[in-house]
Structure formats: structure tokens, C-alpha cells
Protein chains: 2
Amino acid sequence: MPTAVERRASLLAAADRVVQRDGPDASMNVIAAEAGITKPILYRHFGDKGGLYSALAARHIEDLLGRLRAALLTRGGLEARTRATVDAYLTSIEERPQVYRFLVRRAAVEEPGVRGEVEGFVRRFGDELANGIRHEPALGDVDPMRALVWAHGIAGMVQAVGDWWLDHPDVPRQVVVNELTELLLAGFSRP
Amino acid sequence: MPTAVERRASLLAAADRVVQRDGPDASMNVIAAEAGITKPILYRHFGDKGGLYSALAARHIEDLLGRLRAALLTRGGLEARTRATVDAYLTSIEERPQVYRFLVRRAAVEEPGVRGEVEGFVRRFGDELANGIRHEPALGDVDPMRALVWAHGIAGMVQAVGDWWLDHPDVPRQVVVNELTELLLAGFSRP
DNA sequence: ACACTGAAGTTACCGCCGGTAACACTGGTT
DNA sequence: AACCAGTGTTACCGGCGGTAACTTCAGTGT
């Protein structure tokens, strides 16, 4: 007899399997079947579909944000940090494309207005990055508003290139990393 | 008795009204009711929901791309062109937020893999922009791959900032335009 | 004048979705 | 023995995208 949190974890694992196999449009029935149970149990554990998706997304978002944070702390200059972060992002896409698709497509659509739930991971990354930029030693003091606009712009830039790269798998990752890093660094070194 | 293309245009106009009133999740029933007819007629004209959404999106995409193209042709230096284009983008968001939401959220989700239909307007903008960058006089000859990555990055950057701005209406447009323009210009003027 | 055709439009349905109410089963507590 | 409390089920609801089958009616050939 598993505990409640174990059960919950196993349900999330099942949902994860389905999403990775069938893409980000998994239905509650299919997820329940994969977990070997029926729908109402899912609803008792997660409230509604948004709740399940939030829980599932939260897990991957924390993982991805963890990688990005670690990359942002890379020792070396601004260039090394930038390159490491971009590379971490694109590597995550390469390793689990379905998860990435789930994060950027599905988790952002489930009307984040009503509850301040997940709010899309690009947003969260942008908000964190804004803090990082404000305190980046190589940049000096940056106006908070400027940091916000820049951070969300940079996050969106990396995301858009990642999306584009998803549909152009022939392009080597290193090439994309190089171009993006160069573009970003040029943006940082303003006159 | 209206002709077929008139009918089609009036149906699209009805769909447009519903989307602008109720947001981008309009159902076929509601759209049909708004048009004063019933569902099967919509399906005879547009095939399926994706077809209607494609047609509706195509219209707005052409309009928005037209504005952006015009802004890209602004006389003056690279800065004037950049600023005008960013301003055109944000102004379009400001004027019709629901349409913008429809374009970035809905029109990109309807599985573009099967048919090469709309493919999201950010993608199209990115592809066009890549051409523009390759031939931008102020930049000289740019490697095609570099132009592609940059263009999609820039398109994503502007889009992300636009999305963020949608949820922060207190920030004046001019401020966002200024920050974004500055960031982009710095990116262009690489060492 | 009249039957015929074909398009326009309707009603009524299908299967699936997200979500829920109401009912069984089972173990432990008193 | 009686009673929970939790876990699970079946069976349903309204609404969605999508379609089959029927009606209605203007135009046309003879």
C-alpha cells in the first residue's frame, strides 16, 4: 500500500510517460489507463487537468531552471556564462524534445490568468534572468525596467531559436550555440 | 444572393468578431450562430476548424506583416528602421490585443506538422527578417545560417517582450520601444 | 408547364473530451 | 457487530469538433 505522495508520484510518472510517447495532447483517460487506474482518481489527486499539467510542468521546469541556474554560475567571464547557459538550454531540447514541446506549448496555454500558477516557464526564466542581469558584475548597475525588458527579450530569443531548431534538426547544436552566444554578447556590450 | 467569396468573407468577419469579443477559444457553434447560420456551412467552406483558423490568421498575419514590412522600409538609418519596426509591432498589440493573442497562442498550436499551413506568424516573420538581414546594407554580407538564427532570435525577442508587455499594461509603450531598440541595435553593432 | 438537378441549409446524430455523482469494496477502530 | 474512512469503480452530464441524411428551392432542358 503506497503512501499518498508515492501514489501521486507514480501518477505523475505515468502522465510523463504518456506525454513523452504521444506528445503534449494526452487526455485524462489515456493517462489514467497508463497509470492502471481510472479518471476520478486523477481528479481527486490533482483537482483538474490544469492541476495535473501544472504539477507535471513544475517538475520539468524546476529541472530545466536548475540546469540554467547552474550554467549561469559557470566560472569564467560573461562569455563563458552566456555560452554555457545557451548550451544548457539547447541540450535540454535535444535530450527530450517532447518534454520541451509540452513546456512551451501546452503549459503556457492553460489560461494562467485565473490562478497565478505556472505562468509558462519562459516567463519564469525571464523573471529570474532579470534579477541575474541586475546584479551581473560585468554590466554594472542596470535600471530595473531595462533589466526586465532585456531579460524577457533574451529568454524569448533563446526560446524562439530553440523552437526553430526543433524543426531544423540537421543544423548542429554547436553552430546554433555559437551564433546565439555571439549575438547575445554583442547585445551586452553596448556603447 | 451573395457570391461564394462574399459569403466566405462574411463568415470570416463573423469569426473575427467572436474572437475579438470572446477571446481565441471561440467554438464553431458560436461562430456559426454569430454568422446567422449553422455549423455544417462553416465546415463546407473551411473544411475543419484548423482551416477556418488558418484563413482567419492568414488575414491578420498579412496585415501585420504588411505593417512590419513598411516599417522595415522606413527611410533613415538602421536605428530608425529598427525603432519603427519595433514600434509597429507593439502598436499592433496595443490596438487589438485579442487578435494578437489569437495569433501567437491559437494559430501556433493547431499542429502545423501535418500540413505546412500557417506555421505561426513569428516563424514567417523570422523567415522574412532573415532575408532582410542578409541584404541589410548597414550589415554587409551576412552568412545565411547566421542570418537565420539571428532573425528568428530577434523575432522571438520582440514577441516575448510583447507578450510580457500584454500583462504589464502600466508600462508605457515608448519605454519598451526604447529599451528594445537599444538592445537590438547593440546586437547589430558587433565588434 | 413540368420534371430534374444541384446547391444551400437544416436537424439530428457520433465519438470523445473534461469533469462529477453515486455507488461498491475493504481494512481498521471502538 | 457496527461503523467509519479511504480507495476504487461505473455511469453519467454538457459541450466540443465533425458528419450523414434530409429538406428546400432557384434555375434549366425539353
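Numbered from 1 within each chain, the chains take letters A, B, ... in sequence-line order.
- The backbone N or O of A:L12 sits nowhere less than 3.5 Å from a side-chain atom of A:D16 that would complete a donor-acceptor pair.
- Summarising the geometry, the separation between CD1 on B:I31 and C1' on D:dC16 is reported as 13 Å, rounded to the nearest angstrom.
- Distance from the side chain of B:P40 is smallest for C:dT11 among the nucleotides C:dA21, C:dT11, C:dC17.
- Rounded to whole Å, atom C1' of D:dC16 lies 15 Å from atom CG of B:L52.
- Between A:T38 and the phosphate of D:dT9, there is a side-chain N or O to OP1/OP2 separation shorter than 4.0 Å.
- Here C:dG19 is the nucleotide among C:dC17, C:dG19, D:dC16 with the atom lying nearest to any side-chain atom of A:Y43.
- Contact annotation: side chain of A:R44 to base of D:dG8, donor-acceptor pair present below 3.5 Å.
- Rounding to whole angstrom units, CG of residue A:L11 and P of D:dT7 are separated by 11 Å.
- The backbone N or O of A:G76 lies less than 3.5 Å from a partner atom in the side chain of A:R81, making a donor-acceptor pair.
- The side chain to side chain contact (heavy atoms under 4.5 Å, CB included) test with A:R124 singles out one residue from A:L64, A:L129, A:I61, and that residue is A:I61.
- Protein atom CZ of A:F46 is 15 Å distant from nucleotide atom P of C:dG18, rounded to whole Å.
- Between A:D127 and A:R123 no salt bridge is recorded (no basic side-chain N to carboxylate O distance below 4.0 Å).
- For A:S27, the listed nucleotide lying nearest its side chain is C:dC17; candidates were C:dT10, C:dT20, C:dC17.
- Across the protein-nucleic acid pair, A:L42 atom CG and C:dC17 atom C1' stand 14 Å apart, rounded to whole Å.
- Taking the six-membered ring for Trp and thresholds of 30 and 60 degrees, A:F121 and A:Y89 have nearly parallel ring planes, at less than 30 degrees apart.
- Set against C:dG18, D:dG18, C:dG9, the side chain of B:R7 has C:dG9 as its closest nucleotide.
- Going from atom CG of B:N29 over to atom P of C:dC17 covers 19 Å, rounded to whole Å.
- One interatomic measurement links the two molecules: NE2 of B:H45 to P of C:dA7, which rounds to 13 Å at whole-angstrom precision.
- In this structure, CE of A:M28 is placed 6 Å from P of C:dG19, rounded to the nearest angstrom.
- Residue A:K39 places a side-chain atom within donor-acceptor reach of the base of C:dG19, judged by atom type and a 3.5 Å distance cut-off alone.
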